[in-house]
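Note that the structure is predicted; figures quoted are calculated from it, not measured. Each ligand, and each atom within it, is numbered from 1 in the order the structure gives. By convention here, the first residue in the shown sequence is residue 1.
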Amino acid sequence: MFGRLRAVVTKLFTPIAAFLLRVGVSPDAVTVVGTLGVVASALWLFPTGHLFAGTMAIMVFAFSDALDGVMARLSGRSGPWGAFLDSTLDRLADAAIFTGLIVWFVRTENTWGITVGLACLVLGSVVPYARARAEGLGMTAAVGIAERADRLVVTLVAAGLVGLGLPVAVLVVVLGLLAVASAVTVVQRMATVRRQAVAAAGGAPSEGAAASEGGA
Ligand SMILES: CCCCCCCC/C=C\CCCCCCCC(=O)OC[C@H](COP(=O)(O)OP(=O)(O)OC[C@H]1O[C@@H](n2ccc(N)nc2=O)[C@H](O)[C@@H]1O)OC(=O)CCCCCCC/C=C\CCCCCCCC
Ligand SMILES: O=P([O-])([O-])O[C@@H]1[C@@H](O)[C@H](O)[C@@H](O)[C@H](O)[C@@H]1O
Ligand SMILES: [Mg+2]
């Protein structure tokens with residue numbers, strides 16, 4: 001859903017991207033600094049209960065994930081290394097956000113919070129894995145109701161609102177719903193890949209083909 005804002009975000013970030021390139025900053029540097037910023041903010045501010053400050057800091061650094069791609073395209077430097085670096089560091093950033101929240105739930109002895117936080121952590125890593133594995137096999141799986149921008153926006157808005165005084169139960173319920181939406185996204189991606197695999201095999205799924213592709 002929020003992924004559709006990509007064009008707007010690109011337009012907004014183009015002048016900043018052009019400026020950073022002019023002063024010699026590379027897209028990779030923005031990717032790395034943005035990730036370090038998200039990881040440090042999530043693992044320092046969330047466990048200590050500073051949910052609003054944590055949300056604001058993470059939001060600023062998370063937008064660097066849109067900025068790095070704009071910079072790479074503007075400078076004609078986008079390529080496989082940048083794509084690999086960007087996606088791999090996204091996994092660290094996502095893990096840090098949910099780990100920070102889980103540690104806070106542990107410290108406040110919120111069993112439901114720990115449960116839904118863990119579900120979001122695990123399912124939120126299976127969603128991009130399914131897409132990456134499909135793309136590695138020459139197929140596509142860029143579908144689903146809970147893509148990364150959606151997962152981040154939903155989590156940060158709920159954490160920020162609880163930081164401003166809403167009951168913690170709001171965050172627990174939102175994370176519970178996000179876990180369900182992430183599970184649905186995994187199923188949507190599996191169905192998409194299955195359709196492509198069946199079509200490629202001429203209508204009948206082939207056991208041998210799957211076995212010969214190797215594992216990840
Ligand atoms: C009552 C309160 C209500 C508050 C409501 C707030 C609602 C939220 C409103 C707005 C939200 C805005 C959402 C923004 C969505 C962004 C959409 C978007 O752009 O998604 C895509 C990006 C980038 O993804 P990706 O990294 O995959 O693409 P790139 O463009 O980078 O391209 C990758 C290719 O580039 C090349 N490359 C890259 C790097 C490199 N080093 N070298 C390269 O070569 C290579 O070819 C790559 O393949 O996704 C994101 O940006 C991530 C999402 C960021 C979302 C931020 C979340 C924060 C938003 C809101 C939080 C609100 C908190 C409010 C709290 C309120 C409390 C009261
Ligand atoms: O698969 P998903 O998690 O919804 O979203 C993906 C991101 O997590 C990944 O890091 C990025 O490189 C992909 O382009 C895609 O946007
Ligand atoms: Mg990016």
Side-chain angles (χ1 to χ4, degrees), residues 1-14 16-17 20-21 25-35 37-38 41-42 50-95 97-98 120-136 140-166 170-171 174 178 181-186 188-190 192-193:
M1 186 173 71
F2 283 102
R4 291 193 193 146
L5 295 176
R6 185 185 280 264
V8 180
V9 170
T10 298
K11 206 168 179 180
L12 284 175
F13 283 175
T14 296
I16 307 171
L20 289 174
L21 288 167
V25 178
S26 72
D28 287 2
V30 170
T31 307
V32 172
V33 170
T35 305
V38 171
S41 309
H50 298 96
L51 294 197
F52 186 72
T55 296
M56 291 299 132
I58 292 168
M59 183 179 73
V60 170
F61 286 114
F63 271 116
S64 71
D65 189 29
L67 187 59
D68 58 5
V70 178
M71 288 173 70
R73 288 185 286 278
L74 213 57
S75 60
R77 273 192 251 169
S78 48
W81 162 249
F84 172 80
L85 181 73
D86 187 308
S87 297
T88 303
L89 295 191
D90 282 354
R91 305 289 72 79
L92 286 179
D94 292 356
I97 291 170
F98 290 111
C120 287
L121 176 68
V122 173
L123 292 163
S125 67
V126 179
V127 170
Y129 174 80
R131 175 172 169 177
R133 184 74 175 122
E135 290 174 356
T140 59
V143 297
I145 58 172
E147 293 188 312
R148 184 163 186 261
D150 307 318
R151 299 195 299 274
L152 285 184
V153 171
V154 164
T155 304
L156 292 178
V157 169
L161 289 173
V162 169
L164 283 180
L166 250 57
V170 171
L171 180 58
V174 167
L178 179 60
S182 300
V184 170
T185 303
V186 171
Q188 286 175 299
R189 290 186 175 189
M190 289 176 75
T192 299
V193 171

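The backbone N or O of Phe61 sits less than 3.5 Å from a side-chain atom of Ser64, completing a donor-acceptor pair. In terms of modelled atom types and a separation under 3.5 Å, the side chain of Ser41 and the main chain of Ala57 share no donor-acceptor contact. Proximity of a side-chain donor or acceptor of Thr55 to a complementary backbone N or O of Gly160 within less than 3.5 Å is detected. Under the 3.5 Å distance criterion, the side-chain polar atoms of Glu135 are left unmatched by any main-chain donor or acceptor of Ala141. With hydrogens and angles ignored, the 3.5 Å screen pairs a side-chain donor or acceptor of Ser125 with a backbone N or O of Val122. In terms of modelled atom types and a separation under 3.5 Å, the side chain of Asp150 and the main chain of Met1 share a donor-acceptor contact.
At a threshold of 4.5 Å between non-hydrogen side-chain atoms, the residues Leu161 and Val170 do not count as touching. Contact of the Val157 side chain with the Val154 side chain is not registered, since no non-hydrogen atoms from C-beta on lie closer than 4.5 Å. In this structure, the side chains of Ile97 and Leu152 come closer than 4.5 Å at one or more pairs of heavy atoms. In this structure the side chain of Leu20 reaches within 4.5 angstrom of the side chain of Leu67, judged on heavy atoms. Contact check for Asp65 versus Thr35: no side-chain heavy atoms found under the 4.5 Å cut-off. Side chains of Arg73 and Pro27 form no contact here, defined as non-hydrogen atoms less than 4.5 Å apart. Annotation: side chain of Leu85 is in contact with side chain of Asp28 (closest heavy-atom distance under 4.5 Å).
Those atoms of ligand 2 that come under 4.0 Å of a heavy atom in Arg189, given as number and element, are 1 (O), 2 (P), 4 (O). Each of the atoms 7 (C), 8 (O), 9 (C), 10 (O) of ligand 2 lies under 4.0 Å from some heavy atom of Arg91. Each of the following atoms of ligand 1 lies closer than 4.0 Å to a heavy atom of Arg73: 30 (O), 32 (O), 34 (C), 35 (O). Per-residue contacts place Phe2 under 4.0 angstrom from the following atoms of ligand 1 (heavy atoms of the residue considered): 15 (C), 17 (C). Listed by atom number, the atoms of ligand 1 under 4.0 Å from Gly69 heavy atoms are 29 (P), 30 (O), 31 (O), 32 (O), 35 (O), 38 (C). Contact atoms of ligand 1 toward Leu164: 68 (C) (distance under 4.0 Å to a heavy atom of the residue). Taking every non-hydrogen atom of Ala83 and a distance limit under 4.0 Å, the qualifying atoms of ligand 1 come out as 45 (C), 47 (C), 48 (O). Heavy-atom contacts of Ser78 reach the following atoms of ligand 1: 36 (C), 44 (O), 46 (O) (cutoff under 4.0 Å). Counting the atoms of ligand 1 from 1 in the order shown, those under 4.0 Å from a heavy atom of Pro27 are 41 (N).
Regarding atom 38 (C) of ligand 1, its nearest protein heavy-atom neighbour is Asp86 OD2, 3.5 Å. The protein atom (non-hydrogen) at minimum distance from atom 8 (C) of ligand 1 is Val153 CG1, 3.9 Å. Protein heavy atom at the shortest distance from atom 42 (N) of ligand 1 is Gly82 CA, 3.2 Å. What sits closest to atom 12 (O) of ligand 2 on the protein, heavy atoms only, is Ser87 OG, 2.6 Å. Among protein heavy atoms, the minimum distance from atom 65 (C) of ligand 1 is reached at Met56 CE, 3.8 Å. Nearest to atom 53 (C) of ligand 1 among the protein's heavy atoms is Leu152 CD1, 3.8 Å. Distance from atom 16 (C) of ligand 1 to its nearest protein heavy atom, with residue and atom name: Val9 CG2, 3.9 Å. The protein heavy-atom contact nearest to atom 20 (O) of ligand 1 is Ala149 CB, 4.2 Å. The protein heavy-atom contact nearest to atom 5 (O) of ligand 2 is Arg148 CB, 3.7 Å. Remark: minimum distance from atom 5 (C) of ligand 1 to any protein heavy atom is reached at Val157 CG2, 4.2 Å. Remark: minimum distance from atom 10 (O) of ligand 2 to any protein heavy atom is reached at Asp90 OD2, 2.5 Å. Shortest contact from atom 16 (O) of ligand 2 to any protein heavy atom: Arg131 NH1, 3.7 Å.
When non-hydrogen atoms are compared, ligand 1 lies under 4.0 Å from neither the backbone nor the side chain of Trp81. Both the backbone and the side chain of Glu147 come within contact range of ligand 2, each with a heavy atom under 4.0 Å.
Among the atoms of Asp28, some N or O lies under 3.5 angstrom from an N or O of ligand 1. At least one N or O atom of Thr31 sits closer than 3.5 Å to an N or O atom of ligand 1. At a 3.5 angstrom cut-off on N or O pairs, Leu161 does not count as close to ligand 1. Polar contact check, Asp94 against ligand 2: no nitrogen or oxygen pair lies under 3.5 Å apart. Note: an N/O pair closer than 3.5 Å links Arg151 and ligand 2 by distance alone.
Among Met59, Glu147, Arg151, Arg6, the residue whose heavy atom lies nearest to atom 21 (C) of ligand 1 is Arg6. Atom 26 (O) of ligand 1 has its nearest heavy-atom neighbour, among Asp150, Asp65, Leu67, Val32, in Asp65. Nearest-residue assignment for atom 67 (C) of ligand 1 (options Ala72, Ala7, Gly160; heavy-atom criterion): Gly160.
Taking the Mg ion (ligand 3) as reference, the nearest N/O/S atom within Asp68 carries the name OD1.
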Stepwise side-chain contact (heavy atoms from CB on, under 4.5 Å) test for Arg77 and Ser26
CA-CA 9 Å; Arg77 273 192 251 169; Ser26 72; 3.7 Å; yes
Take Val174 and Thr155 through the test side-chain contact (heavy atoms from CB on, under 4.5 Å) and record every step on the way to the result.
CA-CA 7 Å; Val174 167; Thr155 304; over 6 Å; no
Evaluate the criterion side-chain contact (heavy atoms from CB on, under 4.5 Å) for residue pair Val9 and Phe2; output intermediate values, then yes/no.
CA-CA 10 Å; Val9 170; Phe2 283 102; over 6 Å; no
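Salt bridge Arg189/Glu147: present, at least one basic N to carboxylate O contact under 4.0 Å.
For the side-chain contact (heavy atoms from CB on, under 4.5 Å) test with Arg151, the passing option among Leu123, Leu156, Val127 is Val127; the others fail.
When all heavy atoms are compared, the tightest approach of Thr14 to Leu74 is O-CD2, 4.0 Å.
At least one N, O or S atom of Asp86 sits under 2.8 Å from the Mg ion (ligand 3).
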